[in-house]
Amino acid sequence: MNETKIALVTGANQGIGYAIATGLGALGYRVAVGARDAGRRETAVEKLRAAGVDALGVPLDVTGDQSVADAADLIEREAGRLDVLVNNAGISGQLDPGWVQDPTTLDLDLVRTVVETNVVGVIRVTNAMLPLLRRSSSPRIVNISSSVGSVTRQTDPDIEIGPVMAAYAPSKSFLNAVTVQYARQFADTNILINATCPGLVATAFTSFHGPRTPEQGAATAIRLATLPNDGPSGAFYEDEGVVPW
């Protein structure tokens, strides 16, 4: 079997996802760039290759069953296995001024759309890639979450957690809970799965508002993607350490 490890990063055409792809590529991973938009995907692949990364473009819409199945088939043909899955693709949903999502006026279709991408999409992709991950000697799954999904922090009056975001924040709490259930299911296997918060990163996702660079936001995800075999599983991390649930 080829010794080069392969990683799939969803939503890897820009921002934190692209930074994760770049970082893993610099470590010698072959990186599958998962993205919906063909033009942006190929531009990202070209940039990664120009930087010396062995990059592969993978058409991938995490909300589509067939798209995800086709992505798994492509990776099967190209690599025969998967060593790392980074579930990075995510959306905030429509925000009112001040990044607010008022629960008392929230459009239920908006909630469904956010959960479909941020939670159901992660489950869909993870389960489709599991047969490939099981062929790896050290499979790793990293779910990109957010500290706004921490119920502990959301309910602590002494912590500034930002505006009320009644669709996005609960979707990340849901993702965290799903991560724990996978970790429990994988307890007797060599698959390690964790969630991470990249912090407030200046990307298109945040309208380029935030004190952190994409590279800083990607650092913990890269560490979790390359954990040793005795590394943790079923936990939630940021740069400073464990994030409370």
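Computed over heavy atoms, backbone and side chain alike; hydrogens, waters and symmetry mates excluded. Along the sequence shown, the residues carry numbers beginning at 1.
Note on Arg212 versus Asp239: salt bridge recorded, some NZ/NE/NH1/NH2 to OD/OE distance being below 4.0 Å.
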- [ ] Might you work through the salt bridge (charged side-chain N to carboxylate O under 4.0 Å, His left out) test for Arg135 and Glu76, ending with a clear yes or no?
- [x] CA-CA 11 Å; Arg135 297 177 191 172; Glu76 164 84 53; 3.0 Å; yes
TODO: Dump the intermediate steps for side chain to side chain contact (heavy atoms under 4.5 Å, CB included) on Ile141 and Leu133, then the final yes or no.
DONE: CA-CA 9 Å; Ile141 302 172; Leu133 286 161; 3.9 Å; yes
Task: Working for side chain to side chain contact (heavy atoms under 4.5 Å, CB included), residues Thr113 and Val115 - done: CA-CA 6 Å; Thr113 299; Val115 171; over 6 Å; no
Open item on the list: Met129 vs Arg81, test: side chain to side chain contact (heavy atoms under 4.5 Å, CB included). Steps then yes/no.
Closed with: CA-CA 9 Å; Met129 300 300 163; Arg81 76 170 192 280; over 6 Å; no
Open item on the list: Quick one, Thr226 with Leu24, criterion side chain to side chain contact (heavy atoms under 4.5 Å, CB included). Give me CA distance, side-chain angles, the key distance, then yes/no.
Closed with: CA-CA 9 Å; Thr226 57; Leu24 290 173; 4.1 Å; yes
Open item on the list: Using salt bridge (charged side-chain N to carboxylate O under 4.0 Å, His left out), reason through Arg112 and Asp107 one step at a time and then give a plain yes or no.
Closed with: CA-CA 9 Å; Arg112 294 184 184 100; Asp107 186 308; 6.0 Å; no
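The two residues Ala218 and Ile20 make their nearest non-hydrogen contact at CB-CG1, 3.5 Å. Of all the heavy atoms in Ala71 and Val58, the pair that sits closest is CB-CG1, 3.5 Å. Pro232 and Asn194 get closest at one heavy-atom pair: O-ND2, 3.0 Å. Between Val100 and Pro163 the shortest heavy-atom distance is CG2-CB, 4.0 Å. Nearest heavy-atom pair across Ala89 and Val62 is CB-CG1, 4.1 Å. For the pair Ile191 and Ser233, the tightest heavy-atom approach, listed with the atom from each and the gap, is O-OG, 4.1 Å.
Following chains of ILVMFWY side-chain contacts shorter than 4.5 Å, one can reach Val68 starting from Ile193, so the two form part of one hydrophobic cluster. A continuous path of ILVMFWY side-chain contacts below 4.5 Å connects Leu110 to Val119, so both sit in one hydrophobic cluster. Under the 4.5 Å side-chain heavy-atom criterion for grouping Ile, Leu, Val, Met, Phe, Trp and Tyr, Val9 is connected to Val142 within one hydrophobic cluster. Under a hydrophobic-cluster definition in which Ile, Leu, Val, Met, Phe, Trp and Tyr are linked whenever side-chain heavy atoms come within less than 4.5 Å, directly or via other members, Val120 and Leu60 are assigned to the same cluster. Transitive grouping of hydrophobic side chains (ILVMFWY, heavy atoms separated by less than 4.5 Å) keeps Trp99 and Val164 in distinct clusters.
Put simply, CG on Asp102 and OG1 on Thr105 are 3.5 Å apart, with the number rounded to the nearest 0.5 Å. A distance of 11.5 Å separates CD1 in Ile75 from CG in Asp70, rounded to the nearest 0.5 Å. Rounded to the nearest 0.5 angstrom, Thr22 OG1 and Ile16 CD1 are separated by 12.5 Å. Taken to the nearest 0.5 Å, the OG atom of Ser137 stands 7.5 Å off from the CG atom of Asn190. Of the inter-residue distances, the one linking Thr43 atom OG1 with Asn13 atom CG reads 9.0 Å to the nearest 0.5 angstrom. Note that the OG1 atom of Thr10 and the CG atom of Leu85 stand 7.0 Å from one another [nearest 0.5 Å].
Other residues, nucleotides and ligands contribute more than 12 heavy atoms inside 6.0 Å of the CD atom of Gln181. Applying the 6.0 Å contact sphere to CD of Glu42 captures more than 12 heavy atoms from other residues, nucleotides or ligands.
You'll find the side chain of Asn127 reaches within 4.5 Å of the side chain of Leu130, heavy atoms only. Side chains of Gln101 and Leu95 form a contact here, defined as non-hydrogen atoms less than 4.5 Å apart. Counting only heavy atoms from C-beta outward, the side chains of Ser145 and Cys197 never approach each other to under 4.5 Å. Annotation: side chain of Leu27 is in contact with side chain of Ile222 (closest heavy-atom distance under 4.5 Å). Counting heavy atoms from C-beta outward, Ile144 and Val86 have side chains that approach closer than 4.5 Å. Residues Gln154 and Val148 meet the side-chain proximity criterion, which asks for heavy atoms closer than 4.5 Å. Contact annotation: the side chain of Pro59 never approaches that of Arg36 to less than 4.5 Å [non-hydrogen atoms, C-beta and beyond]. Taking 4.5 Å as the limit, every side-chain heavy atom of Leu82 sits out of range of all side-chain heavy atoms of Val84.
When the ring pair (Phe, Tyr, Trp, His ring centres under 6.0 Å) test is applied to Tyr168, the partners found at least two apart in sequence or on another chain are Phe205. Here Phe186 pairs with Tyr182 under the ring pair (Phe, Tyr, Trp, His ring centres under 6.0 Å) rule; sequence neighbours left out. Residues satisfying the ring pair (Phe, Tyr, Trp, His ring centres under 6.0 Å) test with Phe236, not counting sequence neighbours, are Trp245.
In summary, the side chains of Thr179 and Asn143 do present a donor paired with an acceptor at a separation below 3.5 Å, with no hydrogens or angles considered. Judged purely by distance below 3.5 Å, without hydrogens or angles, the side chains of Thr126 and Asn87 pair a donor atom with an acceptor atom. For the 3.5 Å distance criterion, the side chains of Asp61 and Ser67 fail to qualify, holding no donor opposite an acceptor. Between the side chains of Ser138 and Asn229, no donor-acceptor pair of N or O atoms lies under 3.5 Å.
Remark: Arg223 is positioned above the aromatic ring of Tyr237, its terminal NZ or CZ atom under 6.0 angstrom from the ring centre and at most 45 degrees off the axis.
Counting only residues at least two apart or on different chains, the salt bridge (charged side-chain N to carboxylate O under 4.0 Å, His left out) pairs with a member in residues 113-134 are Asp65-Arg124, Glu116-Arg124. Within the structure, the salt bridge (charged side-chain N to carboxylate O under 4.0 Å, His left out) test picks out the following pairs touching residues 139-164 (sequence neighbours left out): Arg153-Glu238.
Under a 3.5 Å cut-off, the side chain of Thr117 and the backbone N or O of Val114 do not form any donor-acceptor pair.
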Name every donor-acceptor pair, under 3.5 Å, that has one atom in a side chain of residues 28-35 and the other anywhere in the protein, sequence neighbours excluded.
unit_1: Arg30; atom_1: NH1; unit_2: Glu78; atom_2: O; d: 3.2
unit_1: Arg30; atom_1: NH2; unit_2: Glu78; atom_2: OE1; d: 3.3

